[in-house]
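Here is the structure we will look at.
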Amino acid sequence: MSGLSGAELERYSRQLVLPEWSEAAQLALRAASVLVVGAGALGSPVATYLAGAGVGRLGIVDADTVEVSDLHRQHLHFTPDLGVAKARSAAAKLGFLNPDVVIEPYQVRLDAANAAGLLAGQDLLVDCSDSFATRYAVNAACCAAGLPLVEAGVLGTSGLVMAIRPGKTACYRCAFAEPPPEGSVPTCAEAGVLGPAAGVIGSLQALEALKLLTGVGEPLVDGFLQVDLTTLAFLRVAVARRADCPDCGGA
Ligand SMILES: [Zn+2]
């Protein structure tokens, strides 16, 4: 007897038929709660693929509203959504995509003060934020909670992806000990970002999230993938845990 309904067997048939996938993997996704931090360029592909794949509960954290300059790369938002909170705009589209997924929008910016509350009850966090402050706050909170995490960033035509099992594999801070000095890294508004570049990085992030949730495949842990989309160079950089890491060091 299957733990999946007939409707689920049909909806997820093209992944269930994969030799790597299984009913156990599908049931693990259905039982999972995932927090997606940021409903923008990375959050759009991440949330779309996770909702489509059948993650049971998806929290969407974003404090911003939809602006016209977002639309070339943030495909969960459409022109009629201008001025609408991104968390709500994203939740509406994800509900159309897969009504079986419980979508919880949070119109806040994740910071050190609210992180523990937002992380409570989650099985995985996917960081799709666009600020170093949020990225370091997310890493610290996930390490403190022992919550698996998929980090990523994209700027211009390049990006980075890293999967983290706190306490077991290198964390973001093991790889990048300190945030870059204020103003030393341009923002997306200053440096620009190409839609498909964000799509590639976000898709890789969704893939890593599915691996961590189901145990299918080999997650990108103890290192990160550096991607240059102008040359299509994919470089995997190994990172070891640091005993003196302030976030995950096991002192
Ligand atoms: Zn660390």
Side-chain angles (χ1 to χ4, degrees), residues 32-38 40-43 46 50 59 61-62 106 108-155 158-185 187 201-228 234-251:
S33 296
V34 176
L35 193 69
V36 178
V37 178
L42 297 174
V46 165
L50 294 187
V61 180
D62 202 306
Y106 300 98
V108 292
R109 183 170 297 280
L110 185 145
D111 58 26
N114 63 17
L118 286 165
L119 266 56
Q122 305 292 346
D123 298 300
L124 177 82
L125 189 148
V126 189
D127 186 5
C128 303
S129 67
D130 59 358
S131 90
F132 284 100
T134 304
R135 206 164 291 154
Y136 280 83
V138 161
N139 188 70
C142 285
C143 286
L147 190 70
L149 161 69
V150 185
E151 269 297 343
V154 65
L155 188 66
S158 62
L160 175 153
V161 186
M162 180 175 188
I164 297 157
R165 284 197 178 107
K168 299 190 177 82
T169 70
C171 80
Y172 187 76
R173 197 147 194 178
C174 289
F176 306 99
E178 296 297 334
E182 190 90 18
S184 67
V185 177
T187 64
I201 301 299
S203 296
L204 288 169
Q205 225 181 345
L207 180 71
E208 291 305 310
L210 292 180
K211 289 181 192 174
L212 289 173
L213 290 166
T214 62
V216 171
E218 296 174 21
L220 180 59
V221 293
D222 284 325
F224 59 84
L225 187 69
Q226 179 86 51
V227 180
D228 178 345
F234 283 60
L235 177 67
R236 192 159 173 171
V237 180
V239 177
R241 281 190 77 195
R242 285 181 21 221
D244 64 343
C245 173
D247 287 354
C248 81

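Numbers for residues simply follow the sequence, beginning at 1. The figures that follow rest on heavy atoms only: side chains count, while hydrogens, waters and symmetry mates do not. For ligands, and for the atoms within them, numbers begin at 1 and follow the listed sequence.
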field: Aromatic ring pairing F224/F176, orientation class (parallel under 30°, perpendicular over 60°, tilted between)
entry: tilted
query: How far apart are the closest heavy atoms of V46 and Q205, and which atoms are they?
result: CG2-OE1, 3.6 Å
Student check: side-chain heavy atoms of R173 and C248 closer than 4.5 Å: no
query: side chain to side chain contact (heavy atoms under 4.5 Å, CB included) with R109: which residues, sequence neighbours excluded?
result: A63, D64, T134
- request: Taking 2.8 Å as the upper limit, name the protein N, O or S atoms near the Zn ion (ligand 1).
  value: C171 SG, C174 SG, C245 SG, C248 SG
Check: L118 and V108 side chains under 4.5 Å, non-hydrogen atoms: yes
L212 versus P219, closest heavy-atom pair with distance: CD2-CB, 3.8 Å
